[in-house]
4 protein chains.
Amino acid sequence: MSDHRAGPTRSAAARESILDATARLFREQGYDHLTIEGIARAAGVGKQTIYRWWPSRGALIADCLIEGRLFDVDFDVPNTGELVSDVETWLGRILAIIENPDGSALLRSLVGAATEDAAVGDQLSASLGVERSLAERLSIGVTDGQLPAGTPVEQVGDAILGAVIVQSLSRRSDPEESRRLVRFILGAR
Amino acid sequence: MSDHRAGPTRSAAARESILDATARLFREQGYDHLTIEGIARAAGVGKQTIYRWWPSRGALIADCLIEGRLFDVDFDVPNTGELVSDVETWLGRILAIIENPDGSALLRSLVGAATEDAAVGDQLSASLGVERSLAERLSIGVTDGQLPAGTPVEQVGDAILGAVIVQSLSRRSDPEESRRLVRFILGAR
Amino acid sequence: MSDHRAGPTRSAAARESILDATARLFREQGYDHLTIEGIARAAGVGKQTIYRWWPSRGALIADCLIEGRLFDVDFDVPNTGELVSDVETWLGRILAIIENPDGSALLRSLVGAATEDAAVGDQLSASLGVERSLAERLSIGVTDGQLPAGTPVEQVGDAILGAVIVQSLSRRSDPEESRRLVRFILGAR
Amino acid sequence: MSDHRAGPTRSAAARESILDATARLFREQGYDHLTIEGIARAAGVGKQTIYRWWPSRGALIADCLIEGRLFDVDFDVPNTGELVSDVETWLGRILAIIENPDGSALLRSLVGAATEDAAVGDQLSASLGVERSLAERLSIGVTDGQLPAGTPVEQVGDAILGAVIVQSLSRRSDPEESRRLVRFILGAR
DNA sequence: GACTAAGCGAGACGGTACGTCAAGTCTTGTC
DNA sequence: GACAAGACTTGACGTACCGTCTCGCTTAGTC
């Protein structure tokens with residue numbers, strides 16, 4: 001009994017050009033305005049090929065997120081020993097994105113995708129390095145005594161990202177204020 | 001000295017039934033799936049009557065938000081003197097909403113609307129009482145010495161709400177963890 | 001026994017500007033594309049003022065026809081004694097209209113109006129001078145022996161006009177052929 | 001036995017049911033009142049399928065005309081040798097249609113369609129057998145000497161049809177008078 | 001001279017249809 | 001059997017007009 005089947009297997013080229021087109025169109029036009037037909041057209045691919053492998057628009061975005069196709073940015077945070085300054089480094093990456101109107105729209109769009117599609121929601125904060133990078137750095141801060149034991153590091157990570165997102169939704173954003181928030185939350189204890 | 005024009009005036013009944021239908025359909029089906037045609041049908045109104053007075057779906061939602069048609073909840077926060085417990089009261093109202101799956105979807109939907117429409121974004125945190133209620137209470141905390149001078153109260157409000165939102169987008173939410181966050185941010189100084 | 005009513009009477013200025021706008025828009029855009037709202041706008045008049053006095057778009061056109069607001073042409077035919085040449089004079093007026101593409105469209109449009117509205121149909125051939133002018137001239141031809149007794153003059157008039165109309169509907173028209181038709185029908189007996 | 005299914009090639013079933021619905025609705029309700037949405041609904045077809053293959057309402061009518069879906073009547077004319085009587089046979093078919101109020105409205109409606117759409121105009125007289133049947137019979141009349149050489153047969157055909165149409169637009173029609181016209185034009189030379 | 005009541009410009013209203021776009025499903029023919 | 005292509009039904013988009021119905025203003029008799 002062989003699980004080998006006749007015929008061609010999944011086309012890597014198609015997958016590549018679909019995700020490529022998805023990422024490009026998403027960045028250019030946002031999540032609303034992103035259409036399966038548009039992706040198929042841009043990717044030179046039949047619609048069915050998309051529907052065959054992804055259940056929804058959101059799943060495409062989630063894959064782009066996982067493969068880092070939406071941001072050029074590296075969200076990894078160094079450990080220089082200075083907790084606050086390291087976290088500000090991470091924050092700076094986020095703020096650099098939303099400083100640019102397109103970047104701001106991109107982040108909002110991504111949040112919009114996450115509200116509609118759980119798969120995107122799952123990837124959202126991860127793809128911005130909250131768990132792997134920010135929370136990880138905070139954990140080190142707990143270990144080396146810069147933060148009290150029992151600090152809810154994941155929550156703190158979500159809170160910092162969340163403050164930025166909430167302000168982005170209100171189309172108001174003030175980098176210096178964001179940094180004050182970080183210093184307030186982490187500092188002066 | 002009247003600058004009003006002759007002719008028929010805006011129908012209050014139409015406005016009412018449109019916002020009513022909007023709020024109902026939004027709560028039942030979410031922002032995606034909310035259509036102008038559906039609203040018009042449910043409100044017994046011509047589409048043009050909607051387009052005449054609101055520029056977009058989002059503007060309808062923003063109006064619903066302003067008039068408190070989406071949440072039954074009162075986000076006003078008492079001042080008992082106990083800062084942390086008062087903030088937890090506010091947080092509890094939010095958590096009560098998203099404890100229920102429908103409520104969680106409602107909040108996410110609202111965030112989705114905010115990503116697409118600036119008018120909703122403008123109202124989002126306000127309608128959840130962040131400025132008027134939470135940040136106000138924090139300000140009192142600064143005044144009475146429970147918080148250090150220079151505390152960025154608006155930022156802190158956004159951060160607390162933002163943490164909840166980020167977790168809601170990831171479809172993970174832990175009320176007790178959220179409360180720990182509040183106690184961590186505000187407390188033990 | 002007063003059947004008088006108080007208040008203002010029908011505004012001659014409104015009537016004038018409505019028919020004016022109707023004729024202009026009809027000539028510029030044709031019967032399809034002619035809208036009550038467009039007329040009201042162009043005439044600087046409320047829609048209700050139109051609906052108050054005319055039951056339909058067609059009735060407006062019929063009034064324009066009656067008052068000769070659609071054609072600059074005079075369809076009266078001289079009696080020079082030469083029947084065929086007099087009829088060709090009349091025909092020449094019609095052909096001069098449809099020689100111009102706009103005039104051709106105007107005639108077609110008028111026919112279109114007549115198909116939808118009996119009031120226009122009633123005026124159509126009359127407004128082109130078929131009864132008063134062409135058929136009248138043919139009658140004289142019967143009297144003076146240029147046409148046989150019993151000639152169905154109205155029918156002949158309709159036939160000549162009808163041939164032009166049918167060809168206009170097919171977007172083919174040949175003035176010389178039309179004149180041959182007249183000479184064939186009337187001549188050489 | 002065809003188990004034909006829809007597919008990437010044009011669906012014959014859709015075409016058929018669209019033209020079917022068009023012809024039915026046109027006969028029932030006339031050209032004004034004929035809507036693409038109504039046709040789509042009646043045909044059980046998406047609007048886009050209509051727009052994909054026909055540029056306008058008129059093009060649908062033109063196709064119905066070409067395929068003889070609007071008249072049950074056969075406009076072919078026999079050649080019995082008696083020219084006038086043969087032409088009266090043809091005329092009788094037309095008169096039979098407009099004797100009935102619905103038929104009269106149908107003809108008027110068709111004329112209305114022709115005024116708005118060149119494609120219908122192209123087909124109008126052809127579909128009533130003017131060229132293929134009436135003018136052809138007249139040509140034979142020229143050949144066999146019943147009509148003088150040089151008779152403008154096409155024009156005469158248009159004139160006879162045109163007379164009927166003009167009278168139909170005026171909502172006056174007298175079969176006997178129409179026959180007198182034919183006898184006058186063709187006869188007694 | 002005040003009091004009607006209709007005509008008027010304006011335009012809101014519930015509708016229908018427009019022509020377009022995209023959704024997701026289904027076929028065809030090619031590789 | 002995956003693929004590019006694209007026809008199909010469905011349904012929403014935002015716009016244009018329909019014919020009806022107020023509004024508030026102006027004006028022309030009647031009291």
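FYI, side chains are in, hydrogens and waters are out, and symmetry mates aren't considered; it's all heavy atoms of this structure. Note that this is a predicted model, so its numbers are computed, not measured. Proteins get letters first, then strands, A, B, ... in listed order; numbering begins at 1 in each.
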Interatomic distance where OH belongs to A:Tyr51 and C1' belongs to F:dA4 [whole Å]: 16 Å

Out of F:dT22, F:dA2, E:dG19, whichever nucleotide has its closest atom nearest the side chain of C:Gln48: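 Out of F:dT22, F:dA2, E:dG19, the nucleotide with an atom closest to C:Gln48's side chain is F:dT22.
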
Lys NZ or Arg CZ of C:Arg10 over C:Trp53 ring: under 6.0 Å, within 45°: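 So C:Arg10 does make the cation-pi contact.
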
Rounded distance in Å - CZ (B:Arg57) to C1' (F:dA12):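 After rounding, the gap between these two atoms is 11 Å.
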
Check: C:Ser56 and C:Asp117 side chains under 4.5 Å, non-hydrogen atoms: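 Yes. Closest side-chain heavy atoms under 4.5 Å.
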
Residue closer to the 5' end of DNA chain F, D:Ala14 versus A:Ala43 (nearest nucleotide):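 In this pair, the answer is A:Ala43.
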
Value in whole Å for how far the C1' atom of F:dC18 lies from CG of D:Asp32: 14 Å

Residue whose closest nucleotide on DNA chain E lies nearer the 5' end, C:Ser17 versus D:Leu34: C:Ser17

Distance below 4.0 Å between B:Thr49 side-chain N/O and E:dG14 OP1 or OP2: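 Answer yes for this pair, as a side-chain N or O of B:Thr49 is under 4.0 Å from OP1 or OP2.
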
Among F:dG19, E:dA12, E:dC13, the nucleotide that comes nearest once only the side chain of B:Ser11 is considered: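 Minimum distance to the B:Ser11 side chain belongs to E:dC13.
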
Which nucleotide in E:dG9, F:dA12, E:dG19 has an atom nearest any side-chain atom of D:Ile36: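 Nearest listed nucleotide: E:dG19.
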
Nearest-nucleotide pick for A:Trp53, side chain only, options being F:dC3, F:dA5, F:dT20: F:dC3

Separation of atom CZ in A:Arg41 from atom C1' in E:dA22, rounded to whole Å: 9 Å

Shortest side-chain distance from B:Arg52, nucleotide among E:dC13, F:dT20, F:dA7: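 Looking only at side-chain atoms, B:Arg52 lies closest to E:dC13.
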
Nucleotide nearest D:Glu37 when distance is taken to its side chain, options E:dC13, E:dA17, E:dG7: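 Nearest listed nucleotide: E:dA17.
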
Short side-chain to backbone donor-acceptor contact, C:Arg27 and C:Leu70, under 3.5 Å: yes

Interatomic distance where CD belongs to A:Glu116 and C1' belongs to E:dA23 [whole Å]: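 Roughly 14 Å, once rounded to whole Å.
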
Exercise: do C:Ser104 and C:Arg108 side chains pair donor with acceptor under 3.5 Å: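 Yes, C:Arg108 and C:Ser104 have a side-chain donor paired with an acceptor closer than 3.5 Å.
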
Polar side-chain contact D:Lys47-E:dG19 base: donor and acceptor under 3.5 Å: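 Donor-acceptor pair under 3.5 Å: yes.
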
Sugar-phosphate only, base, or nothing, as touched by B:Gly44 at under 4.0 Å among non-hydrogen atoms: sugar-phosphate

D:Ile39 CD1 - E:dC18 P separation (whole Å):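 Atom CD1 in D:Ile39 sits about 8 Å away from atom P in E:dC18.
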
Atom pair distance, as rounded to whole Å: CZ in A:Arg15 and P in F:dA4: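 Distance, rounded to whole Å: 15 Å.
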
Shortest side-chain distance from D:Thr35, nucleotide among E:dC18, F:dC8, F:dC3: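 Looking only at side-chain atoms, D:Thr35 lies closest to E:dC18.
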
Among C:Thr22, C:Asp63, C:Thr49, side-chain hydrogen bond (donor to acceptor under 3.5 Å, both in side chains) partner for C:Trp54: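 It is C:Asp63; the other options fail the test.
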
Length of the CH2-C1' vector between A:Trp54 and E:dA23, whole Å: 18 Å

